[in-house]
There are 2 protein chains.
Amino acid sequence: MAPSLSTNLPPEQQSASQADRFTRAREVQAVALLEDYVEMIGDLIAEHGEARVADIAERMGVAQPTATKAIARLKREGLATSRPYRGVFLTDDGAALADRVRARHRTVVALLIAVGVPETTAELDAEGIEHHVSEGTLAAFEAYLAQQNRNK
Amino acid sequence: MAPSLSTNLPPEQQSASQADRFTRAREVQAVALLEDYVEMIGDLIAEHGEARVADIAERMGVAQPTATKAIARLKREGLATSRPYRGVFLTDDGAALADRVRARHRTVVALLIAVGVPETTAELDAEGIEHHVSEGTLAAFEAYLAQQNRNK
DNA sequence: GCCGATTTATAGCCATCGCTATACTTATTG
DNA sequence: CAATAAGTATAGCGATGGCTATAAATCGGC
């Protein structure tokens, strides 16, 4: 079913809801970066006991000042703390977000694999997809995976 | 499997591939907007015989100058043509891209529904997800859907 | 054919997210 | 306990993608 060619809604209403979808996708994008950084900082702390700016930058594939700027934003949003020339740490909110993001990432990868996507591709695509997976879709994914586990 | 806690690769290589995933997600994001505009312009032309800036802006949920700026970028990229105060049209490249994007969108929505996502949610989430679905994942989705059709 | 309404373009602003270059701390080592 | 190395912060730039306000062009009705 094509998005806007085959409904019987009045045009204004069609457009409004389509615009809403784009608006939501834009909003999602704005938090995606925060989610990625928070998850990665959580990973680094779990692995090394601390998260250094240089490590964060390397893993994110950005230059170091770009990471520094992102960390400033995390601090502004109350997700992380840091003192100059010291490591970065997560607040309770940040750690909780990291956990949610990590779990969602795993679920998305598992679902992609479950429907036949090769593992490498699944990992690659999941990085972008996960941020757009709403609560409802995530719940459906989990239900699907649980069902499939039962059947095998 | 957590992304960076449970492999036996040397750390540098782990980081490199994780960085690559983020880099790719960033690149995808850069073309996502173009894809959305091109698909929408295609829809409008199919419906009304032409795509007006005002209609494009309304459907994208942005102000009219924002749409004008995006159209300028489409023209720069060789995807669309327009003359001042006239409608917007797609080049052959633009039309081909619109077709691919539309088909991918349908497939993503269908797959989400097939794994149990409610239709409304599927439409909403697909708008963001679709751009991150690679050729390989798309092929897997199509195979899965074909398989499921056979079994019912 | 002109005049008001509609549509489109332009100007100029803001925030975000990249980057390089450089300054400043901290750590290390002779 | 310097001097150098390494790590982090700051400054400043460019592109992108939003916005509002305003100018310019086109369209419709009289």
Side-chain angles (χ1 to χ4, degrees), chain A residues 11-12 15 19-38 40-41 44 48-77 79-89 127-128 131, chain B residues 11-12 15 19-38 40-41 44 48-77 79-89 127-128 131:
Chain A
E12 311 76 41
S15 311
D20 288 348
R21 289 205 294 274
F22 287 118
T23 300
R24 177 166 176 283
R26 257 176 262 135
E27 287 163 358
V28 162
Q29 201 51 40
V31 299
L33 202 90
L34 295 182
E35 292 180 346
D36 285 335
Y37 273 95
V38 156
M40 166 144 313
I41 291 168
L44 284 168
H48 303 144
E50 64 172 352
R52 313 292 305 265
V53 172
D55 296 340
I56 296 169
E58 191 203 339
R59 291 225 184 161
M60 289 297 300
V62 300
Q64 166 262 311
T66 302
T68 300
K69 215 185 272 187
I71 292 161
R73 195 175 153 212
L74 292 183
K75 291 166 73 172
R76 245 191 298 137
E77 309 263 346
L79 296 170
T81 61
S82 81
R83 295 191 347 270
Y85 299 99
R86 289 288 118 91
V88 180
F89 299 93
E127 205 58 69
H131 302 289
Chain B
E12 312 77 38
S15 310
D20 287 349
R21 289 207 294 274
F22 287 118
T23 300
R24 176 165 177 284
R26 257 176 262 132
E27 288 163 356
V28 163
Q29 201 51 40
V31 299
L33 202 90
L34 294 182
E35 292 180 345
D36 285 335
Y37 273 95
V38 156
M40 166 144 317
I41 291 167
L44 284 168
H48 302 144
E50 64 173 351
R52 313 294 303 266
V53 172
D55 296 341
I56 296 169
E58 191 203 339
R59 291 223 183 161
M60 290 297 300
V62 299
Q64 167 261 310
T66 302
T68 299
K69 216 186 272 186
I71 292 161
R73 197 175 152 214
L74 292 183
K75 290 166 74 172
R76 244 191 299 138
E77 309 264 347
L79 297 170
T81 60
S82 79
R83 297 193 342 273
Y85 298 99
R86 289 289 119 93
V88 179
F89 299 93
E127 203 60 69
H131 302 289

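Chain letters run A, B, ... following the sequence lines, proteins first and then strands; every chain starts at 1. For clarity, every value in this text was computed on a predicted model and none was experimentally measured. Side chains included, hydrogens not; waters and symmetry mates left out as well; all remaining heavy atoms used.
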Report the distance from atom [atom1] of [X] to atom [atom2] of [N], rounded to the nearest whole Å.
X: K69(A); N: dC13(D); atom1: NZ; atom2: P; answer: 12 Å
X: R83(A); N: dT25(C); atom1: CZ; atom2: P; answer: 15 Å
X: I71(B); N: dA9(C); atom1: CD1; atom2: P; answer: 7 Å
X: R73(A); N: dT16(C); atom1: CZ; atom2: P; answer: 6 Å
X: I56(B); N: dA9(C); atom1: CD1; atom2: P; answer: 10 Å
X: R26(A); N: dC19(D); atom1: CZ; atom2: C1'; answer: 12 Å
X: Y85(A); N: dT10(D); atom1: OH; atom2: C1'; answer: 9 Å
X: Q64(B); N: dA25(D); atom1: CD; atom2: C1'; answer: 13 Å

Between [Y] and [X], is there a side-chain heavy-atom distance shorter than 4.5 Å?
X: R73(A); Y: K69(A); answer: no
X: V31(A); Y: H131(A); answer: no
X: L44(B); Y: E50(B); answer: no
X: I56(B); Y: T68(B); answer: no

Residue [X], side-chain heavy atoms: nucleotide from [options] that is nearest:
X: P65(B); options: dT20(D), dA27(C), dT8(D); value: dT20(D)
X: T68(A); options: dC17(C), dT7(C), dT10(D); value: dT10(D)
X: V62(B); options: dT7(C), dC19(D), dT8(D); value: dC19(D)
X: P84(B); options: dG18(C), dT7(C), dA9(C); value: dA9(C)
X: T66(A); options: dC19(C), dT8(C), dT16(D); value: dC19(C)

>> I want to confirm an ordering. Mapping R86(A) and E77(A) to their closest nucleotides on DNA chain C, which one lands closer to the 5' end?
In response: E77(A)

> Counting just side-chain N and O atoms, does R52(B) come under 4.0 Å of either OP1 or OP2 of dT7(C)?
Replying inline: no

>> Run E127(B) and D36(B) through side-chain contact (heavy atoms from CB on, under 4.5 Å) and show every step you take.
In response: CA-CA 9 Å; E127(B) 203 60 69; D36(B) 285 335; 3.6 Å; yes

> Hey, does A63(B) reach any base, or is it just sugar-phosphate, or nothing, if we go heavy atoms under 4.0 Å?
Replying inline: base

